[in-house]
Each structure stands twice: as C-alpha cells, then as structure tokens.
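Computed from a predicted model, the values in this text were never measured in an experiment. Labels below follow one simple rule: chain letters A, B, ... track the order of the sequence lines, proteins then strands, and each chain is numbered from 1.
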2 protein chains.
Amino acid sequence: MKLGTKGRYAVMALVDLAYYGQGKPLALTEIAERQALPISYLEQLFLKLRQKGFVASTRGHLGGYTLAREPGTIRIAEILEAIGEPLKTTRCENTSEMGCLGTKEKCLTHALWTGLGVQMHQYLHRISLADLCERRIT
Amino acid sequence: MKLGTKGRYAVMALVDLAYYGQGKPLALTEIAERQALPISYLEQLFLKLRQKGFVASTRGHLGGYTLAREPGTIRIAEILEAIGEPLKTTRCENTSEMGCLGTKEKCLTHALWTGLGVQMHQYLHRISLADLCERRIT
DNA sequence: AGGATTCCCGACTGTTTTAGTCAAGTATGA
DNA sequence: TCATACTTGACTAAAACAGTCGGGAATCCT
Ligand code: FES
Ligand code: FES
C-alpha cells in the first residue's frame, strides 16, 4: 500500500503549474527543475494530462503548459485516475459479480477493502489543486 | 496505490481463524484451503503474527493456531503493521526533518499525503476482527 | 531562412518488489 | 514410531516500477 511516482509526480507538477504559472505557459524544464523531477518522465505524464483536458500546450519558443481548468475545480482524485494510478484495494473486480474465489459470495473482508477505497477516494475528491496552493489542508 | 497480498492474506486468515476457530486450534492447511491461499506463504505470515503476539501455536498432531487476543481488540491497522505492509503515502521520511528535496521545507503536497495516510490509518484502526466476523461494516 | 526552443510520442530497459516455492528441521499426539 | 503440524531461512520466476532514449513536429526569435 504505497503511492507510486506517477501519481505523486503528476500532482506535484500540477500544483507547481497552478502555483507559479499565472496564466502564462510554463516550460516543462522549469517545472521539472523546481520540483526535482526527471523531465523525460514528466513528458509522459503531461501527454496524458493534456489528452484528458487538464492542461493545454503551447509549442515552440516560450511555449509550455497552462492549466485548462480552474484550479478550484480540479480534484486530486481526478488527477490520479487520469494518470492511471490504480488506487485498488479489493482483490476482486468490483464490476464483476464474482468474489475472490469462484463463489459469487463476497469474502468476509470485501466490505472492509471497499470501505477503505471509499475513504481514500472521498478524501482525495474533497481536495482541489487550489486547496494545495493555498495550503488549506488540515 | 494498491494493497499487496501480504496484508490481504494476513487479514483473511485471521478473520477465518476468528470465525471458525472457537477456542480450539486450527491447522494452517485448513485455513489455507478454505481461503484458497498458498500454505507455504501463510507460514511466513503466521511466523510474524506469532512473534508479535496475535496468535499462539500448538505443535504436533491436532495442533494449529489460536487467537491470542480477543477479536474485538485486534484492529486491522495493527495486523498490517505487524506483517510489514508499508502503508506509506509520503515520499519523505516523516520522522526526519527533511522534505522531498534537500530543503527542510516540506513540499506543497506533503500535507495532502500525510492527510491521506491519516485517513487510511484511522479507518483501519476503527475496525476490529470482530467487526468483520459479525459483518458490522457500513 | 535558420536555428533554438519546446512539445509530441513510442519503444526500450535496468532495477526493485512481489509473490510465492522449496527444503530441512523440530515438537507433539495417537 | 509414525503421521501431523508448526518453524525457519534461503532461493527464484515473474511482474511492476521508474525512468531513459531517440527521433519528430510545431513555433518563435533574430
Ligand atoms: S475482495 Fe471482493 S470478494 Fe474478496
Ligand atoms: S512528501 Fe514530505 S516533503 Fe514532499
């Protein structure tokens, strides 16, 4: 149960973008340097973030990325999902009508793990990029 | 962010032990078969669980494991910690006075991840083995 | 026009972690 | 004395992770 770098870096970079990029495009190299992240790796992440509509890109000299949505409307949970961070607690696919084992009965621990997943998702959905920028975390 | 088998199997096995083992020792083979878990793997886990005082063992014929504490007093969070399931959300060691990068300032996302960790721990500490056996989960 | 800058995209790879297996030993009860 | 069951450490195949690399395309500055 530990957070991978994909999700972590994506959030760090977007916070940086919301914090330092006031409307104007920020180059990836700048973000990468400030947050001490590998540039080539960030490129992968921003590719997905652009395709999902979180950021917009400007190419060429003085180009870079800008936020495509208001920081207050971007929830952390959305970012993690967009980037492909699993956030998976149960062993069974909750979509399917099958438990851990073949039986269609759910195992005794199923409710526990789904509960945990719900807790995590609720927390991460309650917090927006703007909350992070303004340090509005409990 | 996904749960490994170590923690999952440990909880499953202990729930089984609390549910089916009424005072009398349960053999590992029995638990393993009922929960569809690899026996040799469970042995590793129960070694730790015994050393940490969660279960007691009886050797020889008709031997097995019994719960060493009341099911109502065993919190899920304790089990995961005992078994070595990381449950790590921040990148920095929260013990040390060092952030993600060299600076002793904490990064903007630090509060977020610690908050997430607290949420998870609180939830898992709120629930006991007895709660699972009696299906008292929301 | 030409070069510098920056985004775009897919393929590839070394390392680490996971999820176990295997083998040999010890204690106990029938 | 034999079968059962716990005890313990070493070992390993496979998957996930974390990141690199290389080439390409758009855009702006001089
Ligand atoms: S985790 Fe869903 S049935 Fe066991
Ligand atoms: S996670 Fe602790 S400082 Fe960034």
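Whole-Å rounding puts the Ile83(B) CD1 to dT18(C) C1' distance at 15 Å. Distance NZ (Lys24(B)) to P (dT4(D)): 21 Å, rounded to an integer number of Å. In this entry the distance linking CZ of Arg91(A) with P of dA19(C) reads 10 Å, nearest Å. Between Lys88(A) atom NZ and dA15(D) atom C1' there is a gap of 14 Å when expressed in whole angstrom units. Counting to the nearest Å, the P atom of dT21(C) and the CG atom of Leu45(B) are 12 Å from each other. Spacing between atom CG of Leu42(B) and atom P of dC6(D) amounts to 10 Å, rounded to whole angstrom units. Atom pair Arg50(B):CZ and dA27(C):C1' shows a separation of 12 Å (rounding to whole Å applied). Rounded to whole Å, atom C1' of dC6(D) lies 12 Å from atom CD1 of Ile31(B).
For the pair Leu17(A) and Phe46(A), the minimum side-chain heavy-atom distance is below 4.5 Å.
Between the side chain of Glu85(B) and the backbone N or O of Leu3(B) there is no donor-acceptor pair closer than 3.5 Å.
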Distance-only check: which donor-acceptor pairs under 3.5 Å involve side-chain atoms of residues 28-37 of chain A, not counting sequence neighbours?
{"unit_1": "Glu30(A)", "atom_1": "OE2", "unit_2": "Arg34(A)", "atom_2": "NH1", "d": "3.4"}
{"unit_1": "Arg34(A)", "atom_1": "NE", "unit_2": "Asp16(A)", "atom_2": "OD1", "d": "3.4"}
{"unit_1": "Arg34(A)", "atom_1": "NE", "unit_2": "Asp16(A)", "atom_2": "OD2", "d": "2.8"}
{"unit_1": "Arg34(A)", "atom_1": "NH2", "unit_2": "Asp16(A)", "atom_2": "OD1", "d": "2.8"}
{"unit_1": "Gln35(A)", "atom_1": "NE2", "unit_2": "Asp16(A)", "atom_2": "OD2", "d": "2.6"}

Counting only pairs under 3.5 Å, give me each side-chain donor-acceptor contact of residues 57-76 of chain A, with atom names and distances, residues two or more places apart or in other chains.
{"unit_1": "Arg69(A)", "atom_1": "NH2", "unit_2": "Thr73(A)", "atom_2": "O", "d": "3.1"}
{"unit_1": "Arg69(A)", "atom_1": "NH2", "unit_2": "Glu78(A)", "atom_2": "OE1", "d": "3.2"}
{"unit_1": "Arg69(A)", "atom_1": "NH2", "unit_2": "Glu78(A)", "atom_2": "OE2", "d": "3.3"}
{"unit_1": "Thr73(A)", "atom_1": "OG1", "unit_2": "Glu70(A)", "atom_2": "O", "d": "2.8"}

Can you give me every donor-acceptor pair (side chain of residues 99-110 of chain A, partner residue at least two apart or in another chain, under 3.5 Å) with its distance?
{"unit_1": "Thr103(A)", "atom_1": "OG1", "unit_2": "Glu105(A)", "atom_2": "O", "d": "3.3"}
{"unit_1": "Thr109(A)", "atom_1": "OG1", "unit_2": "Trp113(A)", "atom_2": "NE1", "d": "3.4"}

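For Gln51(A), the CD atom is densely surrounded, since the number of other residues' heavy atoms within 6.0 Å is greater than 12.
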Stepwise, does the side-chain contact (heavy atoms from CB on, under 4.5 Å) test hold for Arg126(B) with Tyr123(B)?
CA-CA 5 Å; Arg126(B) 191 182 311 144; Tyr123(B) 178 78; 3.8 Å; yes

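Note on residues 18-43 of chain B: pairs passing ring pair (Phe, Tyr, Trp, His ring centres under 6.0 Å), not counting sequence neighbours, are Tyr9(B)-Tyr41(B).
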Please list, for nucleotides 16-21 of chain D, all pairs of protein and nucleotide N/O atoms separated by less than 3.5 Å.
{"unit_1": "dA18(D)", "atom_1": "OP2", "unit_2": "Thr5(A)", "atom_2": "N", "d": "3.1"}
{"unit_1": "dA18(D)", "atom_1": "OP2", "unit_2": "Thr5(A)", "atom_2": "OG1", "d": "3.0"}
{"unit_1": "dA18(D)", "atom_1": "O5'", "unit_2": "Thr5(A)", "atom_2": "OG1", "d": "3.3"}
{"unit_1": "dG19(D)", "atom_1": "OP2", "unit_2": "Tyr9(A)", "atom_2": "OH", "d": "3.1"}
{"unit_1": "dT20(D)", "atom_1": "O4", "unit_2": "Gln44(A)", "atom_2": "NE2", "d": "2.6"}

Table of protein N/O atoms under 3.5 Å from nucleotides 28-30 of chain C N/O atoms:
{"unit_1": "dT28(C)", "atom_1": "O2", "unit_2": "His61(B)", "atom_2": "N", "d": "3.3"}

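The phosphate of dT7(D) (OP1 or OP2) has a side-chain N or O of Ser57(B) nearer than 4.0 angstrom.
Contact annotation for Phe46(A): no contact, since no heavy-atom pair falls under 4.0 Å across all strands.
The pair Glu93(B)-Lys88(B) meets the salt-bridge criterion, since a charged nitrogen lies less than 4.0 angstrom from a carboxylate oxygen.
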